[in-house]
Structures are given as C-alpha cells and as structure tokens.
Amino acid sequence: MTTTLTLQQTHLDWLESEAIHILREVAAECERPVLLFSGGKDSCVLLRLAEKAFRPGKFPFPLLHVDTGHNFPEVITFRDQYVADLGETLVVRQVEDSIARGTVVLHHENASRNAAQATTLLEAIAEFRFDACIGGARRDEEKARAKERIFSFRDEFGQWDPKNQRPELWNLYNTHVHPGENIRVFPISNWTELDVWQYIEREELALAPLYYSHVRDVVRRNGLLAPVTPLTPARDGEKVESLKVRFRTVGDISCTCPVASTAATPADIIAETAVTTITERGATRMDDQVSEASMERRKKRGYF
C-alpha cells in the first residue's frame, strides 16, 4: 500500500511540475496570455497549478470564459465565487452577443452553442490581442485532442492545422507568433481523467456540485441520459426518470449528459474512473457523436 501511494504521489508530482513549468514558460515568453476558465474541473485544476506557479503574486494573465448562455446555472454560480475567492480578474464574453452581431447563426433557437464558442473566442482574442490562450484540454479526451501539441499554433484566421504543428523535442517550446497569430497552450495535455481526479482529491479542490452524485430528471436518448431542463424538455414519447447521476464534464446544457452514478466523493469517482472503458466525451457529449460536429472539424475553425 505504501509503495502504491508513493508511486501515485510521484506521478502526480511529476505532472504538476511539468504543468507549472509550462505556465511559467507562457508567462515569460508571451506578451498577452489568458487562461480559459469555465468553472469545470479541468480549469479548476489549472487555477490550482497557476496558484502554485505564481503565488503569492497575482496571476500574470486574466481569466476568460466564453459563455454559451446555456450553461448550467450551478456552474456559473460556482465560477463567479471561485474567481472572487482567488481575487483574480475574469473576462466573460457571450455567444449571445455574437448571435446579436450576426457572426454566429444557429440552425434553430435551441441548437447547441458548443461549436459556436469558437467564433466568440476568436472575437475575444482580436479584442484583447491575446497571443496565447491557456486551456485545460487533455489528450485522452478525444482523438483530435491527441494530435495537438502542448503549444498548439493557430494561424491568422484562428485555425488549427494538425500537419503544421511545431516539434517539441526535449520539452522545448517555440512561442513565436506574427501579429494576428495565436498559440493555444495545454499544460495538462499529459494528464488523464483519472490523474485529474486524483489531483482534485489530493489538493482538496472545490468543484461545482454537478460533478457529484445527485438526483436529476433525465430521459434516455441516443444511448445517453439527457437532462430534462426548461431548455431541453422531454420529447413526445420519452419517459422521464429521476435517477442518481453525476456529470463527468460540464458544458452547454443542450449537448452535455450525465452518467448514472452514486459517487459522492473524489475517492468514489476515482474508483469509477479506474474501471470505465468509455471516454469522458464519448459518454457525455451528444454533439461529439455527430460527424458534422466532430472535434477535429471544430478545432480547424478555431475551437478550444
């Protein structure tokens, strides 16, 4: 038991050290970086890593949330309280404003706004002239994520070309960009969902309550448990069930689904995660099951 705990601790320490090095590299090499913070578990881990990298000083970058307007209210409440407790600066830009400007056009009023975040993000990058956006994406989330470098280059149109990424031999990072170009930086690229939860447990991080087991009305749809909300009501013929569920990831209500679970603590979730065979996004995101909304296609258009 002691050996297992020591190995786990060493593994987390290594991942933490790498991520802190990356954050400090961004702060040292980039002129106008920003950290993307949604209130989700991965971005909460990023904030703890930033605390360890830069405290007792202020973060050398603001926080940015691209809000779809269809987020779970519990997550937005948690987001605002978390940032207030940290005493850092949060910039919020709304997909709703992009819709009003006509730069985002939805197929219908209640369509998923997940992919539309790319446009609002690019508008925020242009507004503040950010040259590096730090995000909490991990390579184990989805196949397209695994193609990405830690320092992921985006061209002057905000687009990602997986064939035009810079080598990162010996953890040396090329941060040079021309005006209008951008780098997305992913300090926890080498982490897994299990690593994240082990770190949350070790650091005793607070999270939005949706991550833990709670009773929620759901319907069974396309092999997933779709939450029943005013935005996403049950359809004709669907049976509403009240089940114990938790969310593995949080996002746009219209496409984010919980999983059946009684896990009420990080230790419980670690035990569940250790034996799951379905990826985080594969188990919870409706839009990732549709080829037109594939992650790689969205990333080429400027998505996170």
Side-chain angles (χ1 to χ4, degrees), residues 4-30 33-38 40-54 59 61 132-154 160-175 182-203 205 207 211 248-249 266 269-270 272-285 288 295-296 298-299 303-304:
T4 301
L5 289 175
T6 301
L7 287 173
Q8 176 181 312
Q9 190 77 11
T10 301
H11 177 62
L12 290 179
D13 287 342
W14 184 89
L15 290 173
E16 178 187 75
S17 178
E18 179 191 50
I20 289 172
H21 166 71
I22 292 166
L23 287 169
R24 289 174 174 167
E25 189 79 0
V26 174
E29 297 293 335
C30 299
V34 66
L35 189 148
L36 305 177
F37 179 65
S38 65
K41 69 181 189 308
D42 297 317
S43 52
C44 286
V45 166
L46 278 184
L47 289 192
R48 174 52 57 87
L49 293 166
E51 287 186 84
K52 293 194 175 189
F54 304 113
F59 293 172
F61 37 68
C133 296
I134 305 165
R138 308 185 319 269
R139 286 171 175 152
D140 72 322
E141 287 182 79
E142 202 269 347
K143 292 179 180 179
R145 298 280 200 203
K147 296 180 181 181
E148 196 129 44
R149 300 286 194 267
I150 290 176
F151 280 66
S152 177
F153 175 76
R154 306 296 171 100
W160 173 68
D161 179 359
K163 297 179 180 179
N164 187 31
Q165 295 300 298
R166 296 163 176 174
E168 295 179 341
L169 302 175
W170 305 290
N171 292 335
L172 297 176
Y173 306 114
N174 182 350
T175 62
N182 183 263
I183 295 174
R184 309 289 169 83
V185 185
F186 305 110
I188 60 172
S189 286
N190 292 325
W191 298 46
T192 64
E193 185 183 7
L194 183 60
D195 295 327
V196 166
W197 277 107
Q198 289 175 335
Y199 193 74
I200 288 168
E201 180 185 45
R202 190 184 85 172
E203 299 294 312
L205 291 182
L207 295 178
Y211 281 110
R248 290 174 67 182
T249 180
I269 294 174
I270 288 168
E272 282 190 356
T273 305
V275 297
T276 188
T277 58
I278 303 176
T279 64
E280 180 179 320
R281 299 187 70 92
T284 63
R285 289 293 179 89
D288 283 352
M295 176 66 75
E296 183 159 342
R298 279 182 282 168
K299 287 169 70 64
Y303 190 69
F304 302 163

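Numbers here simply count residues along the sequence, with the first being 1. In this text the structure is predicted, and so the values were computed from the model without any measurement.
For the atom pair CZ (R154) and CZ (R184), the distance works out to 4.0 Å, reported to the nearest 0.5 Å. Once rounded to the nearest 0.5 Å, the distance linking CG of L205 with CG of L47 reads 9.5 Å. Going from atom CD1 of I200 over to atom NZ of K41 covers 7.0 Å, rounded to the nearest 0.5 Å. Expressed to the nearest 0.5 Å, how far SG of C44 lies from CG of L207 amounts to 5.5 Å.
Listed by chain and residue number, W191 satisfy the ring pair (Phe, Tyr, Trp, His ring centres under 6.0 Å) test with Y199 (two or more places apart in sequence, or in another chain). Applying the side chain to side chain contact (heavy atoms under 4.5 Å, CB included) test to E51 and every residue at least two apart in sequence or in another chain returns R48, R55, F59, L86. For D195, the salt bridge (Lys or Arg N to Asp or Glu O under 4.0 Å) criterion is met by no residue, not counting sequence neighbours. Every side chain to side chain contact (heavy atoms under 4.5 Å, CB included) that S189 has, sequence neighbours left out, goes to R139, I150, F186. For E16, the salt bridge (Lys or Arg N to Asp or Glu O under 4.0 Å) partners are K52, R202, not counting sequence neighbours. Remark: S17 engages no residue in a side chain to side chain contact (heavy atoms under 4.5 Å, CB included) (not counting sequence neighbours).
What you find for V26 and V185 is that their closest heavy atoms are CG2-CG1, 3.6 Å. Annotation for T273 and T276: closest pair O-CG2, 3.2 Å, computed over non-hydrogen atoms. T192 and D140 get closest at one heavy-atom pair: CA-OD2, 3.4 Å. Across D42 and G136, no two heavy atoms sit closer than the pair CB-O, 3.6 Å. Closest heavy-atom contact between A132 and C30: CB-SG, 3.7 Å. L23 approaches I134 most closely through the heavy-atom pair CD2-CG2, 3.9 Å.
Residues E25 and F151 are in side-chain contact: their nearest non-hydrogen atoms beyond the backbone lie under 4.5 Å apart. Proximity of I188 to L49: side-chain heavy atoms (C-beta onward) are separated by under 4.5 Å at one or more points.
Note on ring orientation: taking the six-membered ring where Trp is involved, the planes of W197 and Y211 are perpendicular (angle over 60°, cut-offs 30° and 60°).
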Can you list the steps and then say if L46 with L36 is a side chain to side chain contact (heavy atoms under 4.5 Å, CB included)? CA-CA 9 Å; L46 278 184; L36 305 177; over 6 Å; no
